[in-house]
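Have a look at the structure below, then the notes.
Quantities reported herein were computed from a predicted structural model and do not represent experimental measurements.
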Amino acid sequence: AFWRSAPADRAAVATAKTRLRAESRCGARSDHALLGVALDELLVGSSSKALGECVSRAALVEARQTRRLLDAALTTRGFRPTGGGGPVPDSGAGLWRVVRAIVVAALYPRVLKLERPAQRYAETTSGAVAKDADARELKFFRRDATRVFVHPGSVAFAERSYPSPWLVYNDAGAGPDGRVVARDVTEAAPYALLLFGGRLVPRPSAHAIDVAMPPRDEKGHASSSQQQSWMTFDAHPRAAAILDGLRRELDALLLAKAEDPHLETATAPVVAAIVRVLLYDGFV
């Protein structure tokens with residue numbers, strides 16, 4: 001584990017996470033983005049002693065080595081290891097929205113679906129106002145109908161409001177009480193799943209798009225047709241064609257990059273278009 005978990009460390013870790021999240025605008029529902037912020041401060045910036053005391057030294061050494069290896073691999077293949085010249089914002093909420101989409105691409109199909117309780121309302125002087133559900137009332141499921149609980153150490157553990165009903169996760173295993181627990185999670189925006197998830201299956205008559213799941217589930221069992229079309233989004237038929245076209249263009253660009261590492265990709269029109277879709281939820 002990256003963060004220290006001893007009872008004596010929990011208050012300091014919670015304080016550090018709250019500070020990093022507020023200063024970076026990395027989002028309230030992503031352990032992976034928060035980890036990126038912490039690593040930037042610990043490995044690149046001028047980190048405080050307080051933050052250093054919140055993380056595992058062994059995990060930090062491993063992260064430093066992994067970062068060095070990944071930077072070298074990206075440089076060898078012609079990708080810039082850090083920023084410069086592309087359409088992705090250098091900092092702020094926009095940067096982290098793109099980072100969270102990359103996390104979705106990396107972790108798919110490890111996806112959880114949120115089921116909310118019935119909407120409740122509070123009476124105010126201005127009329128009825130929708131109330132957020134209690135965090136304990138929110139239920140997450142894998143496509144095989146297994147209920148999965150978010151780990152108490154996750155930044156999403158106490159969240160009550162999710163703009164998107166989808167999460168991706170690193171791993172999920174049985175806890176001491178037998179419940180399946182997901183440790184590191186990130187909220188998955190719909191366009192991140194549509195662009196970087198499985199094959200798109202348009203259903204024009206229903207004004208919907210299915211994101212096809214793999215033919216086998218997390219346990220290696222064959223998936224039913226219902227499980228494979230488990231992820232559905234409302235969308236105009238034209239949107240499906242545009243998204244499919246962007247995916248094909250990106251695939252072609254990456255194949256060309258593999259053939260020629262010197263090919264410039266950061267300023268390619270398809271990259272700019274995909275970034276705009278992610279930043280503005282499809283309004284480009």
Side-chain angles (χ1 to χ4, degrees), residues 23-27 30 32-45 62-110 164 168 170 186-200 202 209 211-212 233 235 238-284:
E23 292 178 356
S24 67
R25 300 172 64 196
C26 68
S30 176
H32 305 94
L34 188 67
L35 175 61
V37 174
L39 287 175
D40 269 351
E41 186 169 313
L42 289 163
L43 302 181
V44 180
E62 182 180 357
R64 181 180 288 110
Q65 293 172 341
T66 302
R67 184 178 183 129
R68 188 180 299 119
L69 288 171
L70 288 174
D71 276 356
L74 288 170
T75 301
T76 300
R77 287 160 178 78
F79 292 96
R80 296 185 182 92
T82 53
V88 179
D90 292 330
S91 62
L95 166 66
W96 292 107
R97 182 178 282 244
V98 175
V99 169
R100 292 195 299 272
I102 295 170
V103 170
V104 172
L107 295 181
Y108 183 88
R110 296 178 182 176
S164 172
V168 291
N170 261 27
T186 285
E187 183 181 34
Y191 279 101
L193 290 164
L194 287 163
L195 286 166
F196 305 125
R199 178 175 54 88
L200 299 184
I209 305 174
V211 178
F233 299 92
R238 184 167 176 267
I242 292 172
L243 290 167
D244 190 55
L246 288 174
R247 289 168 59 127
R248 290 175 185 274
E249 287 289 327
L250 181 61
D251 286 346
L253 179 66
L254 293 176
L255 286 172
K257 181 70 171 179
E259 293 290 332
D260 179 10
H262 299 292
L263 178 68
E264 178 58 67
T265 56
T267 56
V270 66
V271 174
I274 286 174
V275 169
R276 286 185 64 83
V277 168
L278 294 173
L279 291 179
Y280 305 110
D281 289 327
F283 293 96
V284 297

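Note: R68 CZ to L43 CG = 9.0 Å, rounded to the nearest 0.5 Å. With rounding to the nearest 0.5 angstrom, the CG atom of L35 is 9.5 Å from the OG1 atom of T186. Rounding to the nearest 0.5 Å places OG of S24 at 9.5 Å from CG of D40. Taken to the nearest 0.5 Å, the CG atom of L254 stands 4.5 Å off from the CG atom of L250. The CZ atom of F233 sits 10.0 Å away from atom OH of Y191, with the distance rounded to the nearest 0.5 Å. Remark: L69 CG to L74 CG distance equals 11.0 Å, nearest 0.5 Å.
In terms of heavy atoms, A239 sits closest to I209 at C-CD1, 4.5 Å. Considering all non-hydrogen atoms of both residues, L39 and A63 come closest at CD2-CB, 3.6 Å. What you find for L246 and V270 is that their closest heavy atoms are O-CG2, 3.7 Å. Residues T265 and V271 approach most closely at O-CG2, 3.3 Å, considering heavy atoms. Residues P261 and A258 approach most closely at CD-O, 4.5 Å, considering heavy atoms. Of all heavy-atom pairs spanning L279 and R97, the tightest one is CA-CD, 3.6 Å.
No side-chain heavy atom of F196 sits less than 4.5 Å from a side-chain heavy atom of I102. Contact check for L263 versus L253: side-chain heavy atoms found under the 4.5 Å cut-off. Counting only heavy atoms from C-beta outward, the side chains of L200 and L243 approach each other to under 4.5 Å. No side-chain heavy atom of L278 sits less than 4.5 Å from a side-chain heavy atom of R100.
A donor-acceptor pair under 3.5 Å is absent between the side-chain atoms of E187 and the main chain of A189, judged by distance alone. With S164 contributing its side chain and A188 its backbone, the two residues share a donor-acceptor pair below 3.5 Å. A distance-only check finds a donor-acceptor pair linking the side chain of Y108 to the backbone of G198 [under 3.5 Å]. Of the possible donor and acceptor atoms, one in the side chain of R110 sits under 3.5 Å from a partner among the backbone N and O of N170.
Residue pairs meeting the salt bridge (charged side-chain N to carboxylate O under 4.0 Å, His left out) criterion with at least one partner in residues 238-257, sequence neighbours excluded, are D244-R248.
For E259, the CD atom is loosely surrounded, since the number of other residues' heavy atoms within 6.0 Å does not exceed 12.
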